[in-house]
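For reference, the structure discussed in these notes is given below.
Atom set for the values below is all heavy atoms of this structure, side chains included, hydrogens, waters and symmetry mates excluded.
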Amino acid sequence: LILKASHSLHGFGGGCSSTYFQLWLRRALGLAPGSIGAICAVYSAVSVLGVPVICSSFDASRSRTRFWITAAFVDALVHAAYPLLPILVGRGAELEVPMRFIALLLWVTLGEVLHGATYSLLDTITLLALPDKLAYGSIRLWAGLLFAVNRALPATRSA
């Protein structure tokens, strides 16, 4: 039940942040296309190294469950603050101040790297916890199902 709930929440959260992320940066923060591209390029590049480093740390950890719970909690907190970013860092012309843009860039990069890592870690924990590895699909299905439910909700489609 805990694994299904975790996959469900992660899938639903992925539906919230992934599909319209660039549009949200444009509309909520008033970023120019070049700034949006820079943010997406940086967090994608950092993820290439960041996710494997976090996952390797998980493998080396003595308390994998605690490690994942901590990573997932920090991931949730970082993403929960996304709606506050226009207040915290400003929007539009305010983000032309380099320190404000860098703060936004670091926050978003942290959030997206953690999201990618916690997805991988959740899959690993699921496989480690299941005595019957063939049951993995029925657990992982919940992430896809809740992602689809999220995409079908009218509030998540309007931007």
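Atom-to-atom distance recorded for Thr70:OG1 and Leu114:CG is 11.0 Å, nearest 0.5 angstrom. The CG atom of Leu122 lies 9.5 Å from the CG atom of Leu127; values are rounded to the nearest 0.5 Å. Between atom CH2 of residue Trp107 and atom CD1 of residue Ile39 there is a gap of 14.0 Å, rounded to the nearest 0.5 Å. Here Ser35 contributes atom OG and Leu29 contributes atom CG; the two are 10.5 Å apart, rounded to the nearest 0.5 Å. With rounding to the nearest 0.5 Å, the separation of CG in Leu104 from OG1 in Thr109 is 8.5 Å. Remark: Leu128 CG to Trp68 CH2 distance equals 13.0 Å, nearest 0.5 Å.
Listed here is the closest heavy atom pair of Ala103 and Val89: CB-CG1, 4.1 Å. In terms of heavy atoms, Leu121 sits closest to Ala71 at CD1-CB, 4.5 Å. Looking at every heavy atom in both residues, Pro86 comes nearest to Ala28 through CG-O, 3.8 Å. The two residues Ile54 and Ala117 come nearest to each other via the heavy atoms CG2-CB, 3.7 Å. Contact between Ser47 and Val113 at its shortest, heavy atoms only, is OG-CG2, 3.4 Å. The two atoms that bring Ala32 and Arg26 nearest to each other are CA-NH1, 3.6 Å, heavy atoms only.
Considering only heavy atoms from C-beta on, Ser44 stays 4.5 Å or farther from Glu112 through its side chain. Within the 4.5 Å cutoff, the side chain of Tyr43 has no heavy atoms near those of the Leu105 side chain.
Looking at Ser61, its side chain never comes within 3.5 Å of a backbone N or O of Ser57 through a donor-acceptor pair. Side-chain atoms of His79 come within 3.5 Å of backbone atoms of Asp75 as a donor-acceptor pair (strictly under, hydrogens ignored).
The same ILVMFWY cluster, assembled from side-chain heavy atoms under 4.5 Å apart, contains both Leu130 and Phe58. Val74 and Ile125 fall within the same hydrophobic cluster, defined by Ile, Leu, Val, Met, Phe, Trp and Tyr side-chain heavy atoms under 4.5 Å apart, directly or through other members. Leu106 and Val42 are members of different hydrophobic clusters when ILVMFWY side chains are connected at heavy-atom separations under 4.5 Å. In the hydrophobic clustering of ILVMFWY residues, with side-chain heavy atoms under 4.5 Å counting as a link, Ile102 and Leu88 come out apart.
Below 30°, between 30° and 60°, or above 60°: for His115 and Tyr119 the angle between ring planes is above 60°, a perpendicular geometry.
Residue pairs meeting the side-chain hydrogen bond (donor to acceptor under 3.5 Å, both in side chains) criterion with at least one member in residues 121-131, sequence neighbours excluded: His7-Thr126, Asp123-Tyr136, Asp123-Arg140.
For the ring pair (Phe, Tyr, Trp, His ring centres under 6.0 Å) test, no residue two or more places apart in sequence or in another chain qualifies with Phe101.
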